[in-house]
> 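Handing you this structure, nothing more for now.
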Amino acid sequence: MSKKGCLVISLDYELMWGCCEWSVPQEYGMSNIVNVPKVIDRMLDLFQRYDVKATFAIVGMIMHKDKKELLENIPQKLPSYENPRCSPYNNHYIENIQDEYIDMYFAPETVKKLNKYPNVEIATHTFCHYYCWEKGQTIEQFEDDLINAIKIANNVGIRFSSIVFPKNMVSDEYLRICKRHGINNYRGNALKFFNEPKSRFESIKNKACRLLDAYLNIGGYTSIPYSQINKNSGVLNVAASRMLRPYSPKLSIFEELRLSRIKKEMEYAARNGEIYHLWWHPHNFGANMAQNLIFLEKILKCYQSCSKCYGMLSCSMSEVEKIINKK
């Protein structure tokens, strides 16, 4: 019997820890990060209404109540990035977090809510939003970071089976570390326009192609056949299909194209028994929240239709492994 199509949704929950090298609370924090709690509540309501499962990959630092508690729990081996701005441990970044912005960094109550919520899997997004491709860091530093993320999660009753690498920076040697520590699944890069760039030109080209492909079919369908889901270094690659880009006022006239692109891909996955994996960050919805949530609901309505017509499933990342292994 052939496997049914499957919708997978994963979210990178990182608050300001994912923005520390390029923005500050007074800027992107006030426009996007500050609204993340509302965004998560609204998304959870939609997921429940349409019976959709989701994997929330959480930066370990978020699980602390304040900077004092965090400073008591940082790893021994800190990432030695050549670019010091990439590390939240440099330049007293943690110590300098102002009290008025504390909720943009720490959200232990939201983590507890997610852990109790039906249809939600909690995955790791590393402890400090660790960049595995960044020059200067070492695999030993990554392992120490991962061990710390696991320890902090275990303290609040969370056990990880899945990982989402920040910026999807993943390689086989890091996957072997994940396997060693009980991680069985990861979100691999989409097949088109997400390869590790070898030059600045290639990076710009990939970025431009990703933007264009969000509206027009230049990269083909992005769902993944079950037969192509493989284990790299023993960890199942639940590969991404598409990032759900946020609403852009400048590109608003193309919203129907963006929606049509996703719906056609999802319907293709449902008809052909493939996996369609959407991902985004909760903070992407922080600005233009109403427009983003309306758009998401249209996608979930499409899933509901695919479920009724083709038997499409909704799965967390870890549940995909069960489908793959089912005889």
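The structure displayed is predicted, hence computed values, not measured ones. One-based numbering along the sequence shown.
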> Kindly indicate, with the supporting measurements, whether the criterion side chain to side chain donor-acceptor pair (under 3.5 Å) is fulfilled by E121 and S162.
CA-CA 9 Å; E121 174 195 11; S162 307; 2.7 Å; yes
> Would a single hydrophobic cluster contain both F295 and Y247, if residues Ile, Leu, Val, Met, Phe, Trp and Tyr are joined by side-chain heavy-atom contacts under 4.5 Å?
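No: no chain of side-chain contacts under 4.5 Å links Y247 to F295.
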> So, are K167 and D12 salt-bridged, with charged N and O less than 4.0 Å apart?
no
> Could you walk me through whether E255 and R258 pass salt bridge (Lys or Arg N to Asp or Glu O under 4.0 Å), step by step?
CA-CA 5 Å; E255 280 296 273; R258 185 166 73 99; 2.8 Å; yes
> Tell me whether the rings of F56 and Y13 are parallel (<30°), tilted (30 to 60°) or perpendicular (>60°).
perpendicular
> Counting only heavy atoms not in K179, do more than 12 sit closer than 6.0 Å to its NZ atom?
yes
> Going through the distances and angles, do R187 and N168 end up as a side chain to side chain donor-acceptor pair (under 3.5 Å)?
CA-CA 8 Å; R187 186 183 72 208; N168 293 315; 3.0 Å; yes
> Can you check whether A240's main-chain N or O pairs, donor with acceptor, with W279's side chain at less than 3.5 Å?
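Here the side-chain-to-backbone pair does not exist.
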> Is the closest basic N to carboxylate O distance between E173 and R176 below 4.0 Å?
no
> Charged N to carboxylate O below 4.0 Å: is that the case for D41 and K113?
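A salt bridge is present here (some side-chain N lies under 4.0 Å from a carboxylate O).
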> How far apart are the closest heavy atoms of E134 and N83, and which atoms are they?
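Taking every non-hydrogen atom into account, OE2-CB, 3.7 Å.
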> Same cluster or not: M169 versus Y186, using hydrophobic residues (I, L, V, M, F, W, Y) connected whenever any side-chain heavy atoms lie under 4.5 Å apart?
yes
> Dump the intermediate steps for side chain to side chain donor-acceptor pair (under 3.5 Å) on Y93 and E21, then the final yes or no.
CA-CA 10 Å; Y93 183 88; E21 78 268 28; over 6 Å; no
> Between R242 and E265, does at least one N-O distance fall below 4.0 Å, as a salt bridge requires?
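Answer for the salt bridge query: yes.
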> Looking at residues at least two apart in the chain, or sitting in another chain, which of them share a salt bridge (Lys or Arg N to Asp or Glu O under 4.0 Å) with E297?
R49
> Check the angle between the aromatic planes of Y105 and W17 and answer parallel, tilted or perpendicular using the 30° and 60° thresholds.
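Answer is perpendicular, since the angle exceeds 60°.
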> Taking all non-hydrogen atoms of both residues into account, name the closest pair between A153 and M63 and its distance.
CA-SD, 3.9 Å
> Are the ring centres of F160 and H125 closer than 6.0 Å?
no
> Please report the interatomic distance CD1(I139) to CG(L146), rounded to the nearest 0.5 Å.
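Answer rounded to 0.5 Å: 11.0 Å.
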> I'd like to know if the side chain of D66 and the backbone of E69 have a donor-acceptor N/O pair within less than 3.5 Å.
yes
> Do the two ring centres, one from H283 and one from Y28, sit under 6.0 Å apart?
yes
> Are L293 and I33 linked, directly or through other ILVMFWY residues, by side chains that come within less than 4.5 angstrom of each other?
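Yes, because L293 and I33 connect within a single hydrophobic cluster, where side-chain heavy atoms sit under 4.5 Å apart.
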> So which heavy atom on N32 is nearest to which on N284, and how close?
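Residues N32 and N284, closest heavy atoms: ND2-O, 4.1 Å.
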> Looking at I299 and L278, what are the two nearest heavy atoms and their distance?
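That would be CG2-CD1, 4.0 Å.
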> Going through the checks in order, is the side chain to side chain donor-acceptor pair (under 3.5 Å) test met by N272 and S223?
CA-CA 9 Å; N272 291 277; S223 55; over 6 Å; no
> May I ask you to say whether K3 pairs ionically with E274, meaning some side-chain N is under 4.0 Å from a carboxylate O?
no
> Could you check whether K68 pairs with E72 (Lys NZ or Arg NE/NH1/NH2 to Asp/Glu carboxylate O, under 4.0 Å)?
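A salt bridge is present here (some side-chain N lies under 4.0 Å from a carboxylate O).
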> Using a strict cut-off of less than 4.0 Å between a Lys/Arg side-chain nitrogen and an Asp/Glu carboxylate oxygen, indicate whether E319 and K53 qualify as a salt bridge.
yes
> Using every non-hydrogen atom in the two residues, find where I94 and P88 come nearest and quote the distance to one decimal.
CG1-O, 3.4 Å
> How close do Y89 and P75 get, heavy atom to heavy atom, and via which atoms?
OH-CD, 3.3 Å
> Can you get from I147 to L175 by hopping between Ile, Leu, Val, Met, Phe, Trp and Tyr side chains that sit under 4.5 Å apart?
no
> Output yes when a side-chain donor or acceptor of S252 lies under 3.5 Å from a complementary backbone atom of P249, and no otherwise.
yes
> I'd like to know if M289 and M104 are part of one continuous hydrophobic network [Ile/Leu/Val/Met/Phe/Trp/Tyr, side-chain heavy atoms within less than 4.5 Å].
yes
> When you check the side-chain N and O atoms of S80 and Q141, is any donor under 3.5 Å from an acceptor?
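Result is yes, a qualifying pair exists.
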